[in-house]
Amino acid sequence: MMISNAGHRTHAVMESPYGPLTMVATDGVLSGLYMNLQRHRPAEEVFGDREPDCRTPPFGQVVEQLEAYFAGELTDFELPLALHGTPFQRTVWEALQEIPYGETISYGQLALQIGKPSASRAVGLANGKNPISIIVPCHRVVGSSGSLTGYGGGLERKRRLLDFEHGVRTVEDPTTTLF
(Lines give C-alpha, C1' and ligand atoms only; values in the text may rest on other atoms or scores of the structure.)
Protein backbone atom coordinates (compact mmCIF):
# COMPACT_ATOMS: atom_id res chain seq x y z
CA MET A 1 0.00 0.00 0.00
CA MET A 2 1.28 3.42 -0.81
CA ILE A 3 0.87 6.33 1.51
CA SER A 4 0.84 9.77 -0.02
CA ASN A 5 3.93 11.87 0.59
CA ALA A 6 1.67 14.83 1.43
CA GLY A 7 1.46 15.80 5.07
CA HIS A 8 3.60 15.32 8.14
CA ARG A 9 3.52 11.76 9.49
CA THR A 10 4.33 10.36 12.89
CA HIS A 11 3.73 6.95 14.40
CA ALA A 12 3.53 5.16 17.72
CA VAL A 13 3.14 1.54 18.77
CA MET A 14 0.75 0.19 21.39
CA GLU A 15 0.37 -3.33 22.70
CA SER A 16 -2.96 -5.09 22.18
CA PRO A 17 -4.46 -8.56 22.64
CA TYR A 18 -3.69 -9.05 18.93
CA GLY A 19 -0.06 -8.06 19.12
CA PRO A 20 1.58 -4.68 18.61
CA LEU A 21 -0.50 -2.09 16.75
CA THR A 22 1.29 0.64 14.82
CA MET A 23 -0.70 3.87 14.68
CA VAL A 24 0.19 6.37 11.95
CA ALA A 25 -0.99 9.98 11.94
CA THR A 26 -0.87 12.37 9.01
CA ASP A 27 -1.00 16.02 10.06
CA GLY A 28 -2.22 14.89 13.50
CA VAL A 29 -5.08 12.68 12.24
CA LEU A 30 -5.08 8.88 12.35
CA SER A 31 -4.30 7.57 8.87
CA GLY A 32 -3.10 4.05 9.64
CA LEU A 33 -3.50 1.29 12.20
CA TYR A 34 -1.45 -1.76 11.31
CA MET A 35 -0.90 -5.14 12.93
CA ASN A 36 2.48 -6.79 12.80
CA LEU A 37 2.90 -9.05 9.78
CA GLN A 38 -0.16 -7.46 8.17
CA ARG A 39 -0.57 -7.88 4.44
CA HIS A 40 -0.40 -4.51 2.61
CA ARG A 41 1.41 -2.92 5.57
CA PRO A 42 3.54 -0.07 4.24
CA ALA A 43 7.25 0.00 4.87
CA GLU A 44 8.01 1.44 8.29
CA GLU A 45 10.16 4.23 6.86
CA VAL A 46 7.02 5.92 5.46
CA PHE A 47 5.39 6.07 8.91
CA GLY A 48 7.36 9.16 9.91
CA ASP A 49 9.04 9.85 13.23
CA ARG A 50 8.22 7.53 16.09
CA GLU A 51 6.59 8.98 19.18
CA PRO A 52 8.10 7.15 22.16
CA ASP A 53 4.92 7.49 24.25
CA CYS A 54 1.81 6.21 22.48
CA ARG A 55 -0.41 8.18 24.88
CA THR A 56 0.76 11.61 23.69
CA PRO A 57 -1.02 13.56 20.96
CA PRO A 58 -2.11 12.70 18.40
CA PHE A 59 -2.36 9.09 19.59
CA GLY A 60 -3.69 9.37 23.16
CA GLN A 61 -7.37 9.38 22.17
CA VAL A 62 -6.79 6.45 19.77
CA VAL A 63 -5.14 4.40 22.51
CA GLU A 64 -7.90 5.28 24.98
CA GLN A 65 -10.65 4.19 22.59
CA LEU A 66 -8.84 1.01 21.52
CA GLU A 67 -8.31 0.02 25.16
CA ALA A 68 -12.02 0.62 25.85
CA TYR A 69 -12.89 -1.52 22.80
CA PHE A 70 -10.62 -4.35 23.95
CA ALA A 71 -12.13 -4.12 27.44
CA GLY A 72 -15.60 -4.55 25.91
CA GLU A 73 -16.65 -1.04 26.93
CA LEU A 74 -16.73 0.61 23.47
CA THR A 75 -18.54 -0.55 20.36
CA ASP A 76 -18.34 2.57 18.17
CA PHE A 77 -15.17 4.56 17.61
CA GLU A 78 -15.42 8.31 17.43
CA LEU A 79 -12.13 9.46 16.02
CA PRO A 80 -11.19 11.74 13.14
CA LEU A 81 -9.72 9.60 10.36
CA ALA A 82 -7.65 10.43 7.29
CA LEU A 83 -8.43 7.63 4.86
CA HIS A 84 -6.02 7.84 1.92
CA GLY A 85 -7.01 5.76 -1.10
CA THR A 86 -8.89 5.83 -4.37
CA PRO A 87 -12.45 7.21 -4.37
CA PHE A 88 -13.78 3.63 -4.63
CA GLN A 89 -11.62 2.43 -1.72
CA ARG A 90 -12.75 5.35 0.44
CA THR A 91 -16.39 4.55 -0.40
CA VAL A 92 -15.86 0.95 0.75
CA TRP A 93 -14.00 2.02 3.90
CA GLU A 94 -16.75 4.47 4.80
CA ALA A 95 -19.36 1.73 4.32
CA LEU A 96 -17.36 -0.58 6.59
CA GLN A 97 -17.83 1.92 9.40
CA GLU A 98 -21.60 1.42 9.13
CA ILE A 99 -21.43 -2.31 9.96
CA PRO A 100 -22.66 -2.61 13.56
CA TYR A 101 -20.46 -4.07 16.27
CA GLY A 102 -20.92 -7.82 16.57
CA GLU A 103 -22.48 -8.19 13.12
CA THR A 104 -21.08 -9.36 9.81
CA ILE A 105 -21.89 -8.64 6.19
CA SER A 106 -20.80 -10.43 3.02
CA TYR A 107 -18.67 -8.85 0.31
CA GLY A 108 -21.70 -9.06 -2.01
CA GLN A 109 -23.95 -7.34 0.53
CA LEU A 110 -21.35 -4.60 0.97
CA ALA A 111 -21.16 -4.18 -2.82
CA LEU A 112 -24.97 -3.79 -2.90
CA GLN A 113 -24.83 -1.32 -0.04
CA ILE A 114 -22.48 0.98 -1.96
CA GLY A 115 -24.55 0.71 -5.14
CA LYS A 116 -22.12 -1.54 -7.03
CA PRO A 117 -23.86 -4.96 -6.96
CA SER A 118 -21.43 -6.61 -9.38
CA ALA A 119 -18.31 -5.33 -7.62
CA SER A 120 -17.95 -7.84 -4.78
CA ARG A 121 -14.39 -8.75 -5.84
CA ALA A 122 -13.38 -5.09 -6.05
CA VAL A 123 -14.98 -4.57 -2.64
CA GLY A 124 -12.87 -7.45 -1.33
CA LEU A 125 -9.69 -5.90 -2.72
CA ALA A 126 -10.53 -2.50 -1.22
CA ASN A 127 -11.40 -4.17 2.07
CA GLY A 128 -8.01 -5.88 2.10
CA LYS A 129 -6.23 -2.57 1.66
CA ASN A 130 -8.03 -0.87 4.54
CA PRO A 131 -5.32 1.21 6.25
CA ILE A 132 -7.06 1.51 9.64
CA SER A 133 -7.74 -2.00 10.93
CA ILE A 134 -10.15 -2.62 13.81
CA ILE A 135 -11.42 0.98 13.87
CA VAL A 136 -12.58 0.66 10.25
CA PRO A 137 -13.91 -2.86 10.85
CA CYS A 138 -12.91 -4.81 7.76
CA HIS A 139 -12.90 -7.94 9.95
CA ARG A 140 -16.72 -7.83 9.90
CA VAL A 141 -16.87 -8.76 6.20
CA VAL A 142 -17.22 -12.47 5.44
CA GLY A 143 -17.83 -14.73 2.45
CA SER A 144 -21.33 -15.18 1.02
CA SER A 145 -21.76 -18.43 2.97
CA GLY A 146 -20.67 -16.74 6.20
CA SER A 147 -17.21 -18.31 5.97
CA LEU A 148 -14.14 -16.42 7.03
CA THR A 149 -12.22 -15.25 4.01
CA GLY A 150 -9.16 -13.06 3.62
CA TYR A 151 -8.03 -10.66 6.30
CA GLY A 152 -4.89 -8.54 6.13
CA GLY A 153 -4.11 -9.37 9.75
CA GLY A 154 -4.59 -13.11 9.19
CA LEU A 155 -7.65 -15.34 9.50
CA GLU A 156 -6.88 -16.31 13.10
CA ARG A 157 -6.96 -12.66 14.17
CA LYS A 158 -10.18 -12.16 12.21
CA ARG A 159 -11.75 -15.13 13.98
CA ARG A 160 -10.61 -13.83 17.37
CA LEU A 161 -11.95 -10.32 16.67
CA LEU A 162 -15.33 -11.67 15.57
CA ASP A 163 -15.49 -14.09 18.51
CA PHE A 164 -14.60 -11.24 20.86
CA GLU A 165 -17.36 -9.04 19.42
CA HIS A 166 -19.82 -11.93 19.76
CA GLY A 167 -18.75 -12.53 23.37
CA VAL A 168 -17.31 -15.97 22.63
CA ARG A 169 -14.51 -17.27 24.84
CA THR A 170 -11.65 -18.78 22.88
CA VAL A 171 -9.03 -21.38 23.71
CA GLU A 172 -6.35 -18.68 23.49
CA ASP A 173 -8.36 -16.54 25.90
CA PRO A 174 -10.37 -18.74 28.31
CA THR A 175 -10.99 -15.94 30.80
CA THR A 176 -11.95 -13.27 28.20
CA THR A 177 -9.35 -11.02 29.81
CA LEU A 178 -7.72 -9.44 26.82
CA PHE A 179 -4.73 -7.70 28.42
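Using a 4.5 Å heavy-atom cutoff, the side chains of K116 and V123 are not in contact. Side-chain contact between L125 and N127: absent, with no pair of heavy atoms (C-beta onward) separated by less than 4.5 Å.
Interatomic distance, CD of E15 versus CD of E67, reported as 11.0 Å (0.5 Å rounding). R90 CZ to L81 CG: the interatomic distance, rounded to the nearest 0.5 Å, is 13.0 Å. Atoms CG and CG, on L21 and L66 in that order, are 6.5 Å from each other to the nearest 0.5 Å. Between the CD atom of Q61 and the CG atom of L30 there is a distance of 10.0 Å, given to the nearest 0.5 Å. Atoms CD and CD1, from E98 and I114 in turn, are 13.0 Å apart once rounded to the nearest 0.5 Å. Once rounded to the nearest 0.5 Å, the distance linking OG1 of T26 with CG of L83 reads 10.5 Å.
For the side chain to side chain donor-acceptor pair (under 3.5 Å) criterion with T22, the lone passing option out of R41, E44, H11 is R41. Among the candidates E165, R160, R159, K158, the single residue satisfying the side chain to side chain donor-acceptor pair (under 3.5 Å) test with H139 is E165. Of the candidates P20, S133, P131, P131 is the only one forming a side-chain contact (heavy atoms from CB on, under 4.5 Å) with Y34.
Here the closest non-hydrogen pair linking N130 and I132 is OD1-N, 3.0 Å. The two residues V92 and L110 have their closest heavy-atom pair at CG1-CD2, 4.1 Å. Among all heavy-atom pairs drawn from H84 and S31, the shortest one is CD2-CB, 3.8 Å. Closest heavy-atom contact between A111 and A119: CB-C, 4.0 Å. Taking both residues in full, the closest heavy atoms of P58 and G28 are given as CB-O, 3.3 Å, listed atom of the first, atom of the second, then distance. Closest non-hydrogen pair, S106 versus Q109, comes out as N-OE1, 2.7 Å.
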Passes side-chain contact (heavy atoms from CB on, under 4.5 Å), M14 versus F59? Steps please. CA-CA 10 Å; M14 71 173 282; F59 302 109; over 6 Å; no
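L112 and I105 fall into different hydrophobic clusters, where Ile, Leu, Val, Met, Phe, Trp and Tyr side chains are chained together by heavy-atom contacts under 4.5 Å. A continuous path of hydrophobic side-chain contacts links I134 to L79 [ILVMFWY only; heavy atoms under 4.5 Å]. Hydrophobic cluster membership differs between V29 and V46, with clusters built from Ile, Leu, Val, Met, Phe, Trp and Tyr side chains linked at under 4.5 angstrom.
Using bins of under 30°, 30° to 60° and over 60° for the plane-to-plane angle, the ring pair F164/F70 lands in the tilted bin. Using cut-offs of 30° and 60° for the angle between ring planes, the Y69 and F77 rings count as tilted.
A distance-only check finds a donor-acceptor pair linking the side chain of H166 to the backbone of G102 [under 3.5 Å]. Put simply, the side chain of T10 never gets that close to the backbone of D49: no donor and acceptor are under 3.5 Å apart. Q65 contributes a side-chain N or O that, together with a main-chain N or O of E78, makes up a donor-acceptor pair within less than 3.5 Å. Put simply, the side chain of W93 gets close to the backbone of A126: a donor and an acceptor are under 3.5 Å apart. Side-chain atoms of N36 do not come within 3.5 Å of backbone N or O of G19 as any donor-acceptor pair.
Around atom CZ of R121, no more than 12 heavy atoms belonging to other residues, nucleotides or ligands sit under 6.0 Å away.
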